[in-house]
Amino acid sequence: MKIKTIKKIPVLVILILVYFSCTDDFVDRNPVYSIDSENYFNSEDDFNNGLIAAYDLLQSTYINNIMGEIASDNTLCGGESATDVIGYQQIDDMIHTPVNDQLQNLWNWMFAGVNRANYLLEFQNNVDFEGKDIIIAEARFLRAYYYFELVKWFGPVPLKETRFQLGDETTIPRSPVEDVYALIEADLIYASNTLSYTAPQVGRATKGSAQALLGKAYVYQEKFSQAAIVLDNLIQNGPYDLVVDYDTLFESQQENGVESVFEVQYTDAEGAGFGCLQCSEGNIAVGFNGIRNYNGPLFDSGFSFNVPTEESYLEYDEDDLRRDVAILNIETWAAQTGATYGTGYEHTGYYNRKYIARQGDLNTGDQNLTNPNNYRAIRFADVLLLAAEAYNRGGLSDVTAQQYLNRVRNRAFGDTDHEVSVTGTALTTAILNERRLELMGEGHRFFDLVRTGNGSVIPGFVEGKHEVFPIPLEEIQFSNGNWQQNPGY
C-alpha cells in the first residue's frame, strides 16, 4: 500500500499522537496531551493505526537522501543561489555548524519516527490478537531504521525503548555507537525471525527488509562474518533479483518490484506546502532535483538542487548502461529533443535522473512537492554489493565476492566482458567504486566514504570532525550540560 499519513487515522489517534507533532524536535516542548494511553492501545485497530503513524515518518527521509548526496563528492548543492536553502549549501561546502536548520529537521524527524515506534512498543502487552506479532516486528524494524539513520548522521545518540518524555534530555546520556547498534541488531533479528518475505500490504517491511538492513548494519560496524551470513541467506533464499533492464528501474512500473527490498512509499494525490515539508505525501527530493525552468518532453521543472558533477558523470565507462539512467546530461538532452532550460547556482550541466520530476503525475497542490516517485531505500543490487564487500573485506572468499560484484556489473554492461577478476585490496577498491556507480544519486555515497576511511576525497572534509554531523545547538542547550557536542563543532 501507499503508507498514508496520520491524516488518514481517526481523530482520537491524532489527539494521542499530538505528542509527536510534525514540528517536534527530540522531545515535544508543548504540554503533553492528557489522554490516558493505557486506555487506547487495547484493540487491533489501535495497533494498526499506531503502526501507520510510525511508517509515516519514512516520507520525511527525503532529506536524508538529498543531503547524503550533497555531502558527498557526487553532487553540488545547486539551487537558485548561494543562499538558497543555506543548510544544504553549508553541508555541501563542509562548513556546517550546530546551527543548521536542515540537520535540525533530520534530527527532529528521525527521533519522531523512533518515538512513534516506541509508543506502540511500550504498550505491546496490553492486548493479544491474531497478527499482533507482525505489527510488533514491523514497529521494531522501523525503530531500527530510524536509529540507523540517526547513528549514521550523528554518532552517539540518546537511546530509549519506551517513549521519550520531557526532561529525558537532561538525564539520558548519548549512548555509545556500539550500544545504538546493539539495539538496531536486536530489533532487526527479531523482525527477520518474525516476518515473512511477503508483506501483508505492499510497502510494509518484510523478512528481507530486516535481513538487508541487519546486514548493512553489520557491514557499517565491520562485522563482516555476521554480515556475510545474513546477506548470503537473503540472496540465496529471498524472492529478489536484479531487474534485467536498468533503464526501467526507476520508472513507476518497477516500484515495489523484484529488485526492491524496501521502498519508502510516496503519492501525488494530496497537496503540500513549504510550511510543513515533512507533511507532504510526495517525494520532496524529486522536485528539488528537477531541471530549472525546463520546457520540453518527459520531465517537469524543479529547483536544480543536488546536481551531479562532471567528474561523477565521467566516472562511468562509456559502455556502462547506467550512466545516462543515473545522470541526465541536459545539454545532450536539449540537443536531441529541442528542450530548453535555465541554469541555477553551481550549474554543472547534469541532473540526478533517478529522482527527477517527470510529466504525467497528478502533483496535487505544488508540483514540486508532491511527486509520487518511491524511494528505493534498499535495492537488491545494494545487497549484492554489501555481501561482496563482506566476503572480501572479511577475508572470507574473494571468489564469492567476485561473483556478487560481477552479477551487478553484468547487468550494468549487458555482457560478461567487464567482469572483475582481481583480489585483495584491488577487489575492495573495485567493490566500493561499483557502489558509487550503481547507487549514484541514492544517498549512500557519503556514508560509504566515511565508513571506509575515504572521507578526504570530499572537498573541505576534515578528518576527525566531518565523519559525523553536529548535534543541533538547541538540543545541546535543552540537555543543560548532559550532552557534549561532537568533536570539532
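- Nearest heavy-atom pair across Arg292 and Ser304 is NE-OG, 2.9 Å.
- Closest non-hydrogen pair, Gly441 versus Tyr355, comes out as O-CD1, 3.8 Å.
- For the residue pair Thr198/Ser196, the side-chain donor-acceptor check at 3.5 Å is not satisfied.
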Intermediate values then yes/no, side chain to side chain donor-acceptor pair (under 3.5 Å), Asn100 and Gln90: CA-CA 8 Å; Asn100 184 296; Gln90 291 171 347; 3.2 Å; yes
Steps toward ring pair (Phe, Tyr, Trp, His ring centres under 6.0 Å) verdict (Tyr341, Tyr294): CA-CA 4 Å; Tyr341 60 93; Tyr294 178 78; 8.0 Å; no
Derivation and outcome, side chain to side chain donor-acceptor pair (under 3.5 Å), residues Thr248 and Glu251: CA-CA 5 Å; Thr248 68; Glu251 301 298 334; over 6 Å; no
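- Note: Trp333 and Phe299 meet the aromatic proximity criterion, with ring centroids under 6.0 Å apart.
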Chi angles and distances behind the side-chain contact (heavy atoms from CB on, under 4.5 Å) call for Leu120, Leu51: CA-CA 7 Å; Leu120 186 155; Leu51 183 64; 4.1 Å; yes
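- The pair Arg322-Glu434 meets the salt-bridge criterion, since a charged nitrogen lies less than 4.0 angstrom from a carboxylate oxygen.
- Between the side chains of Glu255 and Gln265, no donor N or O sits under 3.5 Å from an acceptor N or O.
- Taking the six-membered ring wherever Trp is involved, the centroid distance between the rings of Phe154 and Phe469 does not fall below 6.0 Å.
- Taking the ring centroids of Phe262 and Phe141, they lie under the 6.0 Å cut-off.
- The pair Arg116-Asp56 counts as a salt bridge, with a side-chain nitrogen and a carboxylate oxygen less than 4.0 angstrom apart.
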Derivation of the side chain to side chain donor-acceptor pair (under 3.5 Å) call for Asn118 and Thr162: CA-CA 5 Å; Asn118 276 348; Thr162 57; over 6 Å; no
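- Aromatic ring centres of Phe111 and Tyr146 lie farther apart than the 6.0 Å criterion allows.
- Looking only at atom types and distance, the side chain of Asp133 has no donor-acceptor partner in the side chain of Thr194 under 3.5 Å away.
- For Asn65 and Glu442, the side-chain atoms include no donor-acceptor pair closer than 3.5 Å.
- One finds a salt bridge joining Asp168 and Lys160 here, because a Lys/Arg side-chain nitrogen approaches an Asp/Glu carboxylate oxygen to under 4.0 Å.
- Between Phe447 and Trp153, the ring center distance clears the sub-6.0 Å criterion.
- Using a 4.0 Å cut-off between a side-chain N of Lys or Arg and a carboxylate O of Asp or Glu, Arg376 and Asp382 do not qualify as a salt bridge.
- For Leu58 against Leu142, the heavy-atom pair with the smallest separation is CD1-CD2, 3.8 Å.
- The two residues Ile471 and Pro156 make their nearest non-hydrogen contact at CD1-O, 4.5 Å.
- Residue Glu310 qualifies as open at atom CD: its count of foreign heavy atoms under 6.0 Å is 12 or below.
- Around atom CD of Gln253, more than 12 heavy atoms belonging to other residues, nucleotides or ligands sit under 6.0 Å away.
- At a threshold of 4.5 Å between non-hydrogen side-chain atoms, the residues Phe250 and Asn373 do not count as touching.
- Ring planes of Phe41 and Tyr119: perpendicular class, angle over 60° (limits at 30 and 60°).
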CA sep, side-chain torsions, deciding dist, call: Val258, Phe380, side-chain contact (heavy atoms from CB on, under 4.5 Å): CA-CA 8 Å; Val258 68; Phe380 188 59; over 6 Å; no
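- Inspection of the Asn486 and Arg174 side chains reveals an N or O donor paired with an N or O acceptor under 3.5 Å.
- Residues Gln104 and Asn108 bring a donor and an acceptor atom of their side chains to less than 3.5 Å of each other.
- Looking only at atom types and distance, the side chain of Glu69 has no donor-acceptor partner in the side chain of Ser72 under 3.5 Å away.
- Ring centroid separation for the pair Tyr350 and Tyr313 comes in under the 6.0 Å cut-off.
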Worked verdict on Tyr316 versus Ile327 for side-chain contact (heavy atoms from CB on, under 4.5 Å): CA-CA 10 Å; Tyr316 289 91; Ile327 300 177; 4.1 Å; yes
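- Note: Tyr220 and Phe148 meet the aromatic proximity criterion, with ring centroids under 6.0 Å apart.
- The six-membered or imidazole ring of Tyr266 lies away from that of Tyr375, with a centre-to-centre distance of 6.0 Å or more.
- Between Glu438 and Arg411 there is a salt bridge, since at least one side-chain N of the basic residue sits less than 4.0 Å from a carboxylate O of the acidic one.
- Taking the six-membered ring for Trp and thresholds of 30 and 60 degrees, Phe274 and Phe303 have ring planes inclined between 30 and 60 degrees apart.
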Verdict with supporting geometry, Trp107 and Val157, side-chain contact (heavy atoms from CB on, under 4.5 Å): CA-CA 10 Å; Trp107 172 280; Val157 291; 4.2 Å; yes
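- Ionic pairing of Asp448 and Arg436 is not present here: no N-O contact between side-chain nitrogen and carboxylate oxygen is shorter than 4.0 angstrom.
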